[in-house]
Amino acid sequence: MKAQIELVLDMKDGNWVARSHEFEIAAEMLDQLEAKVQKYLGASGRFAQGTKVTVFMACDRGIIPPWIRPYQSHYFNRIISFVL
């Protein structure tokens with residue numbers, strides 16, 4: 001089985017935040033954030049064991065300085081995949 005979800009990647013109080021309309025997860029470092037997202041989705045019961053989950057984290061453009069926004073999709077969006 002495969003599943004895809006999309007989250008918004010943002011900054012709040014010096015932490016990276018991944019959020020959807022259902023949840024919000026924060027961590028100081030991006031690798032920590034990715035691990036927390038994986039752990040949360042695994043424990044949520046939303047997907048069956050063995051499901052390959054792909055998470056697209058689209059950066060909220062408001063946190064990016066205007067001069068670099070034309071390049072934001074290359075530098076700031078993130079994709080992680082894992083099997084539950």
Pairwise side-chain contact, [X] with [Y], heavy-atom cut-off 4.5 Å (strictly under):
X	Y	answer
Val55	Phe82	yes
Ile79	Thr54	yes
Met11	Trp16	yes
Arg78	Leu9	yes
Leu84	Val53	yes

Is there a path of hydrophobic side-chain contacts, each under 4.5 Å between heavy atoms of I, L, V, M, F, W or Y residues, that connects [X] with [Y]?
X	Y	value
Ile5	Met1	no
Phe56	Val37	no
Tyr40	Leu7	yes
Ile63	Trp67	yes

Over all heavy atoms of both residues, which pair between [X] and [Y] is shortest? Give the atoms and the distance, please.
X	Y	result
Leu33	Ala27	N-CB, 3.5 Å
Cys59	Asn77	N-OD1, 2.8 Å
Val17	Lys12	CG2-CB, 3.7 Å
Arg19	Asp10	NH2-OD2, 3.0 Å

Counting only heavy atoms not in Glu28, do more than 12 sit closer than 6.0 Å to its CD atom?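 Check fails, neighbour count at 12 or below.
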With a cut-off of 6.0 Å (strictly less than), are more than 12 heavy atoms of other residues, nucleotides or ligands near CD of Gln32? yes
Does Ala26 offer a backbone N or O that forms a donor-acceptor pair with the side chain of Lys36 under 3.5 Å? yes
NZ/NE/NH1/NH2 to OD/OE distance under 4.0 Å, Lys39 and Glu34: no
At what distance, to the nearest 0.5 angstrom, does CG of Asp31 lie from CD1 of Ile80?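 Asp31 atom CG to Ile80 atom CD1 measures 11.0 Å (nearest 0.5 Å).
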